[in-house]
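In this text, all values refer to a predicted model and were calculated from it rather than measured experimentally. So you know, we letter chains A, B, ... as the sequences are listed, proteins then strands, and number each from 1.
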Protein chains: 2
Amino acid sequence: MGSLARKPDSLERYQADLPHLTQKLRRGSRKITGPRQAILEALRRQSHPVSIKELFDTLTQGDCDLATVYRAMHLLEGMSMVKRFDFGDRVARFELLSDGDDGHHHHLVCTQCAEVVEISDCSMQEQEAQIATRNGFTHVTHKLEFFGICSACRAL
Amino acid sequence: MGSLARKPDSLERYQADLPHLTQKLRRGSRKITGPRQAILEALRRQSHPVSIKELFDTLTQGDCDLATVYRAMHLLEGMSMVKRFDFGDRVARFELLSDGDDGHHHHLVCTQCAEVVEISDCSMQEQEAQIATRNGFTHVTHKLEFFGICSACRAL
DNA sequence: GTCCCTGCAAATGGTTTGCAGGCGG
DNA sequence: CCGCCTGCAAACCATTTGCAGGGAC
């Protein structure tokens, strides 16, 4: 069952607590500010990739500015604390990374209701290596997302 | 992604000639206009996905308006005459589809110079099917692109 | 006391759209 | 001639950035 997709909304993934997260900031010589704490808290509550606008909307009005969320996500991405995903709708989505998790996984997205299921197993290492050597490339990575229609939408 | 320095196109892929293409338009009860012919001609010259802006720049000034190119690409996409690709830089890129080609292939993109190599073999059908049944989804498709550093950029 | 961080507002860049006139069928 | 297409300009939307004041350390 290891490769089975994760159940949405159950938050089974381990999420570091806030002090743990802010410590990472401090280690990176970054300041721990109110907006950043609010953003990290908001991120912890998510179990799926969220867009910046969505994240912003979960914040108490006045917690911080939209531009600050953008800046914070850049910062966190640079510190490998979040991972950016792209579902092809021209909107960046982010997930908080757990310790030691490189965040490499994919998603199955319902094209009608946007339900997201996490796909944990990725068997592309060998293909990646093959592609690298065949084309003389190095540092080859990939982006992969699945799209389809979920059972609920199909029933409609 | 860097700016593009497109290499001379090899054009190995079969590209239908213009009359053949405009016939498809006619079959779809679409009008054959000057701008559309110019756009199709410009598309035929490409052997890799091009952004709308790039395509527009290859047109003789005055051939048509940028907005018209956008509208034409929507039209052509809806008629399955072009396929849209997404390299994660928030810019849509398009490729002309050959007859009978569903356009399912992937690309290897250099993150420094934006060189693009087409990856033709895709062995994900079974994984796709697996993911569909495991999660109760239907009509499952995927988007997959590879990124890396090409030999030229590596040498710099 | 530094200078990093923030809010605000304006700019950016890709893409879309409203409108009135024009041309393909 | 009818209605699809087009050019033009303005609107849109996610994201970025300049600036000056304020707070973390």
Side-chain angles (χ1 to χ4, degrees), chain A residues 18-19 21-42 49-57 59-79 81-82 84-94 114, chain B residues 1-4 18-19 21-42 49-57 59-79 81-82 84-94 114:
Chain A
L18 192 58
L21 291 170
T22 55
Q23 229 176 83
K24 281 194 190 174
L25 278 184
R26 184 165 288 134
R27 250 181 278 137
S29 334
R30 306 309 185 130
K31 295 189 177 169
I32 296 158
T33 65
R36 286 181 181 172
Q37 292 183 66
I39 290 165
L40 286 171
E41 276 290 11
V50 274
S51 71
I52 288 193
K53 189 57 171 38
E54 285 165 3
L55 195 63
F56 177 70
D57 288 341
L59 297 174
T60 310
Q61 182 149 28
D63 265 359
C64 88
D65 189 79
L66 183 56
T68 300
V69 185
Y70 276 99
R71 285 191 268 235
M73 297 315 288
H74 276 295
L75 171 70
L76 296 174
E77 188 181 15
M79 299 182 71
M81 290 177 64
V82 299
R84 178 189 300 255
F85 289 97
D86 176 11
F87 291 172
D89 59 353
R90 212 165 286 112
V91 179
R93 283 158 214 274
F94 298 86
Chain B
M1 206 167 311
S3 59
L4 73 169
L18 192 58
L21 291 170
T22 54
Q23 228 176 84
K24 282 195 189 174
L25 278 184
R26 184 164 288 134
R27 249 181 279 137
S29 335
R30 305 309 185 132
K31 295 187 177 169
I32 297 158
T33 64
R36 286 181 181 173
Q37 291 183 67
I39 290 165
L40 286 171
E41 276 290 11
V50 274
S51 72
I52 289 193
K53 188 58 168 39
E54 285 165 1
L55 195 63
F56 177 70
D57 288 341
L59 298 174
T60 311
Q61 182 148 30
D63 266 358
C64 88
D65 189 80
L66 221 208
T68 301
V69 185
Y70 277 98
R71 286 191 267 234
M73 297 317 288
H74 277 293
L75 170 70
L76 295 174
E77 188 182 14
M79 298 183 73
M81 290 177 64
V82 300
R84 177 189 300 257
F85 288 97
D86 176 14
F87 291 171
D89 60 353
R90 211 163 286 109
V91 179
R93 284 157 213 274
F94 298 85

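- Taking only side-chain nitrogens and oxygens, B:Thr33 comes nearer than 4.0 Å to OP1 or OP2 of D:dT6.
- The closest side-chain heavy-atom distance from B:Met79 to B:Leu25 is below 4.5 Å.
- Put simply, the side chain of A:Arg71 and the base of C:dG7 share a donor and an acceptor less than 3.5 Å apart.
- Using a 4.0 Å heavy-atom criterion, one finds that A:Asp89 contacts no nucleic acid atom at all.
- Look at CZ on B:Phe56: it is 15 Å from C1' on C:dG13, rounded to the nearest Å.
- The B:Lys31 side chain lies nearest to D:dG3 when the options are D:dC8, C:dG14, D:dG3.
- Computed from coordinates, the A:Glu77 CD to D:dT15 P distance equals 11 Å when rounded to whole Å.
- Where B:Arg90 and B:Ser29 meet DNA chain D, the nucleotide closest to each residue was compared, and B:Ser29 sits on the side nearer the 5' end.
- Across the protein-nucleic acid pair, B:Asp65 atom CG and C:dC19 atom P stand 18 Å apart, rounded to whole Å.
- Using a 4.0 Å heavy-atom criterion, one finds that A:Ala92 contacts the sugar-phosphate atoms exclusively.
- Ranking C:dG7, D:dA14, D:dA9 by closeness to the A:Pro35 side chain, first place goes to C:dG7.
- Ranking D:dG7, D:dC25, C:dG7 by closeness to the A:Cys64 side chain, first place goes to C:dG7.
- Per the geometry, CG belonging to A:Asp86 stands 13 Å off C1' belonging to D:dA14, to the nearest Å.
- For C:dT16, neither phosphate oxygen OP1 nor OP2 lies less than 4.0 angstrom from any side-chain nitrogen or oxygen of B:Tyr70.
- For A:Leu76 and C:dC5, the CG to P distance is 11 Å, given to the nearest whole Å.
- A residue-by-residue look at A:Gly34 and B:Arg26 shows that A:Gly34 has its nearest nucleotide of DNA chain C further toward the 5' end.
- With rounding to whole Å, A:Ile32 atom CD1 is found 13 Å from C:dC4 atom C1'.
- For the pair B:Arg30 and C:dG24, the criterion of a side-chain N or O lying under 4.0 Å from OP1 or OP2 is not met.
- Annotation: the span from B:Thr22 atom OG1 to B:Lys31 atom NZ amounts to 15.5 Å, rounded to 0.5 Å.
- Residue-to-nucleotide contacts include no donor-acceptor pair under 3.5 Å from the side chain of B:Arg93 to the base of C:dG14.
- In this model, the phosphate group of C:dG7 is approached by a side-chain N or O of A:Thr68 to a distance below 4.0 Å at OP1 or OP2.
- Note that the CG atom of B:Leu18 and the CD atom of B:Glu41 stand 4.5 Å from one another [nearest 0.5 Å].
- Looking only at side-chain heavy atoms (C-beta outward), B:Arg71 and B:His74 stay at 4.5 Å or farther from each other.
- We find that CZ of B:Arg36 is positioned 11 Å from P of D:dG7, with the value rounded to whole Å.
- Between A:His74 and D:dT15 there is no side-chain polar atom (N or O) within less than 4.0 angstrom of OP1 or OP2.
- Counting to the nearest Å, the C1' atom of D:dA14 and the CE atom of A:Met73 are 14 Å from each other.
- Of the candidates B:Val69, B:Val91, B:Asp57, B:Val69 is the only one forming a side-chain contact (heavy atoms from CB on, under 4.5 Å) with B:Ile52.
- Side-chain contact between B:Leu55 and B:Met73 is present, with at least one heavy-atom pair separated by less than 4.5 Å.
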